[in-house]
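A quick write-up on the structure given underneath.
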There are 2 protein chains.
Amino acid sequence: MTVAQVAKSKPSNTVNCADSETHLRPDGQDQYTISEVADFTGLSAHTLRWYERIGLMPHVDRSHTGQRRFSNKDLDWLAFVGKLRLTGMPVADMVTYAELVRAGDQTFAARQALLESTRVDVVNRIAELQDTLTVLDHKISTYACAHRAPERTA
Amino acid sequence: MTVAQVAKSKPSNTVNCADSETHLRPDGQDQYTISEVADFTGLSAHTLRWYERIGLMPHVDRSHTGQRRFSNKDLDWLAFVGKLRLTGMPVADMVTYAELVRAGDQTFAARQALLESTRVDVVNRIAELQDTLTVLDHKISTYACAHRAPERTA
DNA sequence: CGCTTGCTTCGAGCGCACTCGAAGGTCTTA
DNA sequence: TAAGACCTTCGAGTGCGCTCGAAGCAAGCG
């Protein structure tokens with residue numbers, strides 16, 4: 001509830017080192033309907049509403065008639081969530097992270113820990129994939145060989 | 001049906017270049033019950049039967065009483081399937097590959113193509129993950145910064 | 001004013017990859 | 001020969017991540 005406001009009151013320095021987020025979108029006006037966001041992110045409107053319902057999005061602003069108005073901050077968040085999704089992190093864990101964010105600054109350490117463990121997962125996954133790649137290449141090369149030596153099928 | 005026999009009649013040269021498959025298991029006796037295979041692979045007996053049902057396994061030999069007797073070749077296949085699974089390939093696609101294998105030598109080209117396209121997927125996925133890793137590291141470093149500069153919360 | 005478009009909520013449905021349970025046959029060991 | 005483990009098949013159930021449909025409100029246009 002207040003989270004959105006708080007977020008808005010801090011243009012770009014939620015953290016304050018080498019921060020380069022909140023790239024304003026072309027029109028730069030920080031107000032997007034759900035279908036605009038759907039187009040932009042590739043997620044369906046249904047999915048966006050679902051994300052909010054399950055707590056994977058901070059509560060999105062509403063227009064005076066109750067329609068969602070997404071901000072650039074929301075888009076940034078969605079982009080980040082998209083990255084987490086790529087890591088294969090379960091939605092439930094992303095929700096946990098989102099809850100930490102909503103809980104405020106005192107959860108920095110917990111969030112960092114969560115991201116670090118995710119990082120480890122990603123690194124492992126990459127190693128796994130690279131290993132798989134080796135197997136794949138080996139297999140592919142055997143097919144290539146079979147091509148070159150088509151004799152002795154019997 | 002005949003597939004199993006054919007497979008067995010070719011000790012280790014299905015393809016014939018630098019072939020180093022079929023590492024005999026400790027007891028080396030080429031006959032495993034479903035629960036042994038389950039232990040070995042980490043898959044459940046249910047899943048193994050399911051793999052066979054959907055055509056992801058060549059039909060497994062049976063004992064005179066109808067119980068499954070897995071061969072080393074089957075274990076090799078399962079290991080390979082495990083790798084494919086790691087790539088995120090849908091089971092349906094693996095079944096397609098399995099069908100190609102069962103169809104015989106004239107599908108070498110198709111199989112090679114399938115593996116090569118999988119290879120591309122894996123490479124892309126790795127790139128994606130590496131990209132994600134960058135984002136993650138950036139985010140983690142901002143948390144680290146926030147720790148070092150705890151002032152200016154207001 | 002009525003119509004279309006697009007939003008709202010809620011709850012049900014879907015596809016995937018298993019996962020499990022039931023009912024029954026078989027193998028081994030006492 | 002009887003108990004208990006372990007196998008068989010078949011079909012139903014589960015959990016996840018969406019995905020969709022229905023019913024209804026609101027804005028904007030001719």
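A note on names: the letters A, B, ... follow the listed sequences, proteins ahead of strands, and every chain is numbered from 1.
For B:Ser117, the side-chain hydrogen bond (donor to acceptor under 3.5 Å, both in side chains) test picks out no residue, with sequence neighbours left out. With sequence neighbours excluded, no residue forms a side-chain hydrogen bond (donor to acceptor under 3.5 Å, both in side chains) with B:Gln67. For B:Asp137, the salt bridge (charged side-chain N to carboxylate O under 4.0 Å, His left out) partners two or more places apart in sequence, or in a different chain, are A:Arg119. Checked against side-chain hydrogen bond (donor to acceptor under 3.5 Å, both in side chains), B:Thr134 has no partners two or more places apart in sequence or in another chain. A:Asp131 is linked by a side-chain hydrogen bond (donor to acceptor under 3.5 Å, both in side chains) to B:Lys83, counting only residues two or more places apart in sequence or in another chain. Scored by the salt bridge (charged side-chain N to carboxylate O under 4.0 Å, His left out) test, B:Arg69 finds no partners at all (sequence neighbours excluded). In terms of the side chain to side chain contact (heavy atoms under 4.5 Å, CB included) criterion, residue partners of B:Thr107 (sequence neighbours excluded) are, by chain and number, B:Leu100, B:Ala103, B:Arg111.
Taken from CZ in A:Arg102 to CE in A:Met57, the straight-line distance is 10.0 Å, to the nearest 0.5 Å.
Between B:Gln67 atom CD and C:dT28 atom P there is a gap of 9 Å when expressed in whole angstrom units. Separating the CZ atom of A:Phe70 from the C1' atom of C:dT8 is a distance of 12 Å, rounded to the nearest angstrom. Following rounding to the nearest Å, B:Leu84 (CG) and C:dC16 (P) show an atom-to-atom distance of 18 Å. As rounded to whole Å, 17 Å separates atom P of C:dC7 from atom CG of A:Asp61. Remark: P of C:dA17 and CZ of B:Arg53 are 15 Å apart, rounded to the nearest angstrom.
Considering A:Val122, A:Val123, A:Asp121 as possible partners of B:Leu129, the one that fulfils the side chain to side chain contact (heavy atoms under 4.5 Å, CB included) test is A:Val122.
Near DNA chain D, defined here as any heavy-atom distance below 4.0 Å, there are no residues from residues 88-100 of chain B. Scanning residues 42-52 of chain B for heavy-atom distances under 4.0 Å to DNA chain C yields B:His46, B:Thr47, B:Trp50, B:Tyr51.
Taking 4.0 angstrom as the limit, A:Arg62 places a side-chain polar atom (N or O) nearer than this to OP1 or OP2 of C:dT9.
A:Ser63 comes within 4.0 angstrom of no nucleic acid atom, judged by non-hydrogen atoms across all strands. Here B:Arg68 lies in heavy-atom contact (under 4.0 Å) with sugar-phosphate atoms only. Using a 4.0 Å heavy-atom cutoff across all strands shown, A:Arg69 reaches no nucleic acid atom at all.
Contacts classified as side chain to side chain donor-acceptor pair (under 3.5 Å) and involving residues 88-101 of chain B (residues at least two apart or in different chains) are given here: A:Tyr143-B:Tyr97. Screening residues 48-57 of chain A for side chain to side chain donor-acceptor pair (under 3.5 Å), with sequence neighbours left out, gives A:Glu52-A:Arg62, A:Glu52-A:Arg68.
Nucleotides of DNA chain D with any atom under 4.0 Å from a heavy atom of chain B span, from 5' to 3', D:dC7 to D:dC10.
Nearer the 5' end of DNA chain C, as judged by each residue's closest nucleotide, is the contact made by A:Gly66, out of B:Gly66 and A:Gly66.
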